[in-house]
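Working notes, beginning with the structure itself.
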There are 2 protein chains.
Amino acid sequence: MPDDHIIETAPATVEEFRERLTAMLDTLPKRLRQCADYVAANTDRIAVSTVADMATGAGVPPSALMRFCQILGFTGFSEMQKLFREAYVPGWPDYATRLQNLKSSATGSPAALVGEFIEAGRLSLESLAKNFDETALNQAVSTLASAKMVHIVGLRRAFPVASYLAYVFEKMSVPAMLHDGVGKLDHRHALRPGDALLAITFAPYSEETIAMAQDAHERGLPVVALTDRLTGPLARAASSTITVTEVDFGAFRSLSATIALAISLAVAVGSARG
Amino acid sequence: MPDDHIIETAPATVEEFRERLTAMLDTLPKRLRQCADYVAANTDRIAVSTVADMATGAGVPPSALMRFCQILGFTGFSEMQKLFREAYVPGWPDYATRLQNLKSSATGSPAALVGEFIEAGRLSLESLAKNFDETALNQAVSTLASAKMVHIVGLRRAFPVASYLAYVFEKMSVPAMLHDGVGKLDHRHALRPGDALLAITFAPYSEETIAMAQDAHERGLPVVALTDRLTGPLARAASSTITVTEVDFGAFRSLSATIALAISLAVAVGSARG
DNA sequence: GTATTTTTGGAATATTTATTCCATTTTGTT
DNA sequence: AACAAAATGGAATAAATATTCCAAAAATAC
């Protein structure tokens with residue numbers, strides 16, 4: 001990038017900073033682009049980092065980052081940092097208060113919604129950390145690890161979880177089949193002796209999933225349930241049950257905890273199989 | 001204050017810091033008390049200020065503030081600042097190290113895995129909270145809210161997100177179509193003038209998704225991109241780009257932040273449509 | 001393939017910022 | 001009031017950090 005492209009005025013707000021960043025993104029050479037990338041993804045760190053830290057993070061030498069700041073219109077890193085230090089508000093320590101504020105004041109704006117769902121996700125993860133049942137998980141892992149093939153079923157709200165599990169199993173070369181109900185085709189005959197079923201459903205429970213679990217159970221196949229209550233209908237048909245509760249916001253639930261648990265399960269099964 | 005009151009160990013957490021501060025408040029002489037008062041009232045500025053700044057704010061010479069830090073048990077101002085910088089970006093510097101340790105030492109027991117994925121999810125959510133670009137999100141919401149129909153495409157790792165979006169849109173009566181690539185059928189002709197495309201992909205980017213975005217873009221339809229880098233291939237074909245970075249553990253990523261963002265987007269679009 | 005321009009990395013330098021030290025002032029005690 | 005102990009401010013120094021500069025490497029144009 002030749003010198004004559006350099007702008008003299010520094011961005012005055014974070015907003016302006018972002019705009020300028022996206023505007024010039026395409027014209028930047030490799031290293032400077034790395035800077036742009038990393039900085040865009042970590043604006044929050046600018047206020048509390050040194051050039052060296054940032055440069056390391058971006059995988060470039062400090063001088064490259066320096067150049068990057070100058071191309072954006074700052075005299076140097078310090079000036080850029082100043083912008084972010086002034087805008088700095090330590091986000092997190094007091095969740096309860098934050099949630100309160102969000103709910104009362106800025107309702108409805110997309111940004112407020114993001115705040116809400118982040119908070120819901122956080123709480124869900126915390127609750128998972130405290131409550132999950134290690135024994136049940138281990139049992140589920142060994143069941144699935146010794147199955148010839150893992151069948152996965154989960155519909156509606158549970159479908160994203162089921163499909164992610166299928167993806168991870170595939171990546172780890174675990175034979176798995178996702179029963180997605182496309183075309184209302186019923187593939188339950190695909191469950192052969194030696195296979196296992198991993199069934200996922202949450203209240204309000206999806207009938208198809210429960211029916212499939214019951215069917216497998218009656219045929220003597222091991223069924224692992226991933227659900228929200230030990231007393232739910234799915235648990236009755238399962239040989240091992242893992243529960244996870246998700247904090248909801250409004251009518252909708254994030255899936256943070258559920259997915260964290262699901263992926264752990266999948267990875268554990270994958271490595272148990274070697 | 002005579003030397004023998006000095007404690008050798010530094011506070012390890014912000015809470016401990018506060019405790020120690022209030023505990024000794026009464027025993028402090030004038031200048032040091034000024035420091036204590038000012039620091040207590042401006043803890044949030046510690047991370048982004050210099051000794052000189054803080055000293056001026058408290059109305060004392062730098063050396064007084066220095067002494068104050070030492071009385072609290074820190075070796076100096078820098079050490080105190082470090083505490084607050086790390087509290088702001090929780091666990092950042094040593095996350096890579098921790099991962100290393102876990103991989104080599106820890107068994108990879110299912111329970112340990114759950115812990116790790118919870119942690120990864122938590123970090124992702126915090127990073128989202130601090131870094132997400134409000135303007136871009138608002139723009140995306142208005143684009144999608146004014147579309148006749150929302151087309152959603154996301155494959156492989158992004159598929160769970162896409163399918164969850166489809167679920168939420170359906171729940172909110174937003175006309176939406178999920179392009180899932182079943183049977184390798186290509187439904188791009190389903191995109192009609194007035195529609196919009198919501199494309200989701202993360203590195204390594206899925207070609208089909210990018211191709212579809214480009215196609216829509218060339219035909220003049222608005223494309224909202226949900227991806228991991230502003231500089232990624234998807235961003236080029238998009239009219240607005242929302243980025244989210246997910247902390248990964250091992251080869252696998254949780255989707256906590258991505259889903260939190262996606263659901264916020266969907267709910268915002270849903271309510272914007274009334 | 002050669003010449004020209006752009007980009008890059010790292011070492012050298014400048015600047016800022018933290019820290020120490022000690023002479024001086026203040027406070028408390030008899 | 002005289003002494004001792006504690007507290008203070010500021011100047012001197014040390015350390016960390018930012019910034020510049022230039023030779024070498026890539027990329028581009030001819």
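In this text, all values refer to a predicted model and were calculated from it rather than measured experimentally. To find a chain, count down the sequence lines: A is the first, B the second, and so on, and within it residues start at 1.
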- Task: Would you classify B:Ser78 as touching base, sugar-phosphate or nothing, given that sugar-phosphate means primed atoms plus P, OP1 and OP2, and contacts are heavy atoms under 4.0 Å?
- Result: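 It contacts sugar-phosphate atoms only.
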
- Looking at every strand, decide which applies to B:Thr50 at a 4.0 Å heavy-atom threshold: base, sugar-phosphate, or nothing.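 Answer is sugar-phosphate: B:Thr50 comes under 4.0 Å of backbone atoms only.
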
- Could you grab the distance from atom CD of B:Glu116 to atom CD of B:Glu119, nearest 0.5 Å is fine?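 That separation rounds to 7.0 Å.
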
- Atom pair CG (B:Asp44) and CG (B:Asn42), whose distance is rounded to the nearest 0.5 Å: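 Reported to 0.5 Å precision, the distance equals 6.0 Å.
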
- Message: At less than 4.0 Å, is any side-chain N or O atom of B:Gln70 found next to OP1 or OP2 of C:dT20? Yes or no.
- Response: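 Yes, within the criterion.
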
- Query: Nearest to the side chain of A:Arg67, which nucleotide is it out of C:dT8, D:dG10, D:dT8?
  - Reply: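 Closest nucleotide among those given: C:dT8.
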
- Please determine, for the side chain of B:Lys30, which listed nucleotide (D:dT8, C:dG9, D:dG10) has the closest atom?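 Between D:dT8, C:dG9, D:dG10, the one nearest the side chain of B:Lys30 would be D:dT8.
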
In whole angstroms, how far is the [atom2] atom of [N] from the [atom1] atom of [X]?
X	N	atom1	atom2	answer
A:Ile46	D:dA18	CD1	P	13 Å
B:Arg33	C:dT27	CZ	P	16 Å
A:Phe77	D:dT20	CZ	C1'	17 Å
B:Gln34	D:dT8	CD	P	9 Å
B:Ile71	C:dT20	CD1	C1'	15 Å
A:Met66	C:dA12	CE	C1'	15 Å
A:Arg85	C:dT16	CZ	P	14 Å
A:Phe74	D:dA18	CZ	P	15 Å

- Only one of B:Thr209, B:Thr227, B:Leu165 passes side-chain contact (heavy atoms from CB on, under 4.5 Å) with B:Ile200; say which it is.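 Single side-chain contact (heavy atoms from CB on, under 4.5 Å) partner of B:Ile200 among B:Thr209, B:Thr227, B:Leu165: B:Leu165.
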
- B:Arg18 side chain to B:Thr43 side chain, donor-acceptor N/O pair below 3.5 angstrom: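 Short answer, yes.
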
- Would you kindly compare B:Thr75 and A:Ala64 by the position of their nearest DNA chain C nucleotide and give the one closer to the 5′ end?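 First, find each residue's nearest nucleotide; the 5'-ward one identifies A:Ala64.
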
- Message: Taking the basic N atoms (NZ, or NE/NH1/NH2) and the acidic carboxylate oxygens, is any pair closer than 4.0 Å for B:Glu126 and A:Arg122?
- Response: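 Judged by the 4.0 Å cut-off on N to carboxylate O distance, B:Glu126 and A:Arg122 do form a salt bridge.
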
